[in-house]
Amino acid sequence: MLETDSKGLCDPLLTLLQQNARESDEVIAKELGTTPEDIRGRIADYEHRGIIRGYQAVVNTDRVDDGSVRAVIELRIRPEREGGFDRIAQRISRFAHVESMYLMSGGYDLLLFVKGKSLQEVANFVSARLATLDGVLATATHFMLKTYKDRDVLMEGDPQDDRLQVTP
Amino acid sequence: MTGSKSPLRFVSPLVRELPKSGIRKFFDIVAGRKDVISLGIGEPDFTTPWHIREAAIASLEEGWTHYTANLGMPKLRTAIAEYMRKSFHAEYDGMTEVLVTVGVSEAFDAALRAIVAPGDEVIYHEPCFVSYAPVIRLAGGVPVPVGTFRKDEFRVTVDRLEAAVTPKTKALILNFPNNPTGATLRREDVDAITEFVLRHDLVLISDEVYSELTYEGERCTFAGIPALRDNLVFLNGFSKAWAMTGFRLGYVCAPAPVTDAIMKVHQYGIMSATTVSQAAGIEAVANGDDDILAMRNEYHRRRNFIVASLNEMGLDCFMPKGAFYVFPSIQSTGLTSEEFAFRLLDEKAVACVPGTAFGTCGEGFLRCSYATSMPQLKEAMTRMREFVKART
């Protein structure tokens with residue numbers, strides 16, 4: 001049985017899919033010492049239970065110049081008597097501009113990763129849609145300039161195997 | 001220049017007669033070919049974890065550029081002693097019973113030279129790492145190989161050791177988990193070999209550099225067996241556990257008088273292991289548990305994949321429980337190990353090492369290293385499948 005490491009999840013299948021979700025069921029089955037049918041069944045079960053919520057490519061957007069802009073936004077919000085942060089957080093997370101969003105400890109409450117077609121569009125989104133929401137107390141917007149690493153993947157430098165070709 | 005005027009006349013007969021490593025021969029053929037997928041590499045494909053490299057850089061910034069104590073930095077030796085206690089349940093005094101060396105290779109060489117007197121016989125098992133027999137010879141000893149075989153999953157058996165032992169036998173060398181077969185020992189093997197070593201009062205030199213890469217069941221080690229302690233020279237290193245081959249860092253654990261003797265050889269030959277590498281080693285032992293776990297998991301999955309793939313294409317292969325090698329039989333193809341390896345390279349541009357590079361009883365087998373990325377392994381298996389299919 002494979003062990004659980006600090007980055008790993010309790011099921012090695014999940015770890016493997018997080019590393020490469022495009023791997024075939026046949027290869028995954030061999031790696032985990034089981035059958036492709038078993039792998040398909042387990043993945044379907046994870047999807048059904050909402051544990052696996054999607055599959056995405058890790059794209060170096062800096063190399064795909066579509067003019068889009070990303071920003072990180074810190075939001076301070078007023079919790080409500082019933083439900084705390086959740087109701088307003090859910091309202092904000094539904095905006096298509098918001099790619100990721102987290103409730104944070106510390107100097108602000110919500111951290112948003114936002115994408116827009118232009119600087120102006122992101123600025124408008126913050127001032128017109130976010131800042132005006134009832135319960136939003138303050139915003140701070142930081143535009144992203146360059147991605148160095150995203151979800152465990154380094155964006156620069158392609159891996160090179162410069163080992164000697166045959167060694168004892 | 002040939003004949004009596006050749007500079008070769010200056011080379012000692014002992015060294016002149018040492019065979020060149022079988023790996024070297026193969027390396028010369030592969031070298032320079034860019035299209036080759038190599039399953040012939042005996043080192044991790046991972047780069048040393050960043051926090052360890054960063055500690056090495058920091059040590060240079062702080063000016064750690066001097067000799068260290070001959071035995072190695074006290075802080076590193078203490079850390080190794082603690083690691084031996086935690087991971088092997090073995091008690092060694094970091095101040096007198098741990099020697100830091102330039103890789104396990106140097107540890108092995110120094111240990112043999114400290115232990116072997118001219119004419120002493122040294123038993124080792126084949127197939128094995130390429131340096132064992134030559135280093136025994138260089139130390140003045142007589143190498144005595146015993147075979148290990150597929151039907152035993154390449155474990156050493158005491159009856160074969162018993163058949164090889166003579167009154168001149170001084171030491172036994174073991175390497176489990178094994179390069180090139182991936183074999184490990186079972187608890188009962190360890191017990192039986194321990195009994196054998198004690199009965200003949202031999203020195204057991206146990207090279208356990210692949211110890212952290214044990215995939216199933218308990219790790220079988222000769223360290224931490226109280227009755228064996230005086231007879232054991234335990235060798236380990238950082239290369240495989242933490243992917244630190246280029247740092248050249250290993251160590252010996254042995255009773256104080258033996259450590260002291262090995263240290264004499266080390267002192268006159270080497271002085272001290274490289275300081276920057278020792279700094280990296282301190283960080284590895286202190287904060288490197290997760291690195292081992294992550295790499296072990298990755299190797300584990302690749303092993304499952306490659307063993308399943310090889311068996312599927314008709315190359316019989318047992319499930320090795322350690323190291324990062326599989327040792328499939330290629331006998332079903334009717335080719336010898338060398339023929340198979342050379343033709344596979346020629347026709348499919350996949351490099352594996354013929355089993356015979358590791359001893360004559362490696363005939364009929366091939367060493368495939370899975371210290372290679374999954375995409376490369378997958379492509380190599382596809383090509384090998386085509387190659388085997390055309391011959392069976």
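For clarity, every value in this text was computed on a predicted model and none was experimentally measured. Lettering follows sequence order; numbering is per chain, from 1.
For chain A, the nearby parts of B:Val30 are the backbone and the side chain; heavy atoms of each come within less than 4.5 Å. Proximity to chain A (any heavy atom under 4.5 Å) is shown, for B:Thr47, by neither the backbone nor the side chain. For chain A, the nearby part of B:Tyr325 is the side chain; its heavy atoms alone come within less than 4.5 Å. Using a 4.5 Å cut-off between heavy atoms, B:Phe27 touches chain A through backbone and side chain atoms alike.
With a 6.0 Å radius and a threshold of 12 heavy atoms from other residues, nucleotides or ligands, A:Arg40 has its CZ atom above the threshold. Within 6.0 Å of CZ in A:Arg22 there are 12 or fewer heavy atoms belonging to other residues, nucleotides or ligands. Surrounding CD of B:Glu218 are more than 12 heavy atoms belonging to other residues, nucleotides or ligands, all under 6.0 Å away. The 12-atom threshold is not exceeded at CD of A:Glu82, counting heavy atoms of other residues, nucleotides or ligands nearer than 6.0 Å. Residue B:Arg137 qualifies as open at atom CZ: its count of foreign heavy atoms under 6.0 Å is 12 or below. Enclosure of atom OH in A:Tyr55 by more than 12 non-hydrogen atoms of other residues, nucleotides or ligands within 6.0 angstrom is indicated. The number of heavy atoms from other shown groups lying within 6.0 Å of NE2 (A:His142) is above 12.
Between A:Thr167 and B:Gly42, the shortest heavy-atom distance links the atoms OG1-N, 2.8 Å. Of all heavy-atom pairs between A:Arg163 and B:Ile41, the closest is NH1-CG2, 3.5 Å.
In this structure, the side chain of B:Asp45 does not engage the main chain of A:Asp161 through any donor-acceptor pair within 3.5 Å. B:Arg367 contributes a side-chain N or O that, together with a main-chain N or O of A:Pro168, makes up a donor-acceptor pair within less than 3.5 Å.
Considering only heavy-atom pairs separated by less than 4.5 Å from chain A, the leading option among B:Arg33, B:Met381, B:Arg302 is B:Arg33.
Counting only heavy atoms from C-beta outward, the side chains of A:Gln19 and B:Met374 never approach each other to under 4.5 Å. Side-chain contact between A:Gln165 and B:Ile29 is absent, with no heavy atoms from C-beta onward closer than 4.5 Å. Considering only heavy atoms from C-beta on, A:Val166 comes within 4.5 Å of B:Ile23 through its side chain.
To the nearest 0.5 Å, atom CG of residue A:Leu16 and atom CD of residue B:Glu298 are 7.5 Å apart. Note that CG of B:Asn304 is 13.0 Å distant from CD1 of A:Ile28, once rounded to the nearest 0.5 Å. To the nearest 0.5 Å, the span separating CG on A:Leu32 from CZ on B:Arg301 amounts to 7.0 Å.
Remark: A:Glu23 engages B:Lys378 in a salt bridge, criterion side-chain N to carboxylate O under 4.0 Å. Between B:Glu312 and A:Lys30 there is a salt bridge, with a side-chain nitrogen of the basic residue lying less than 4.0 Å from a carboxylate oxygen of the acidic one.
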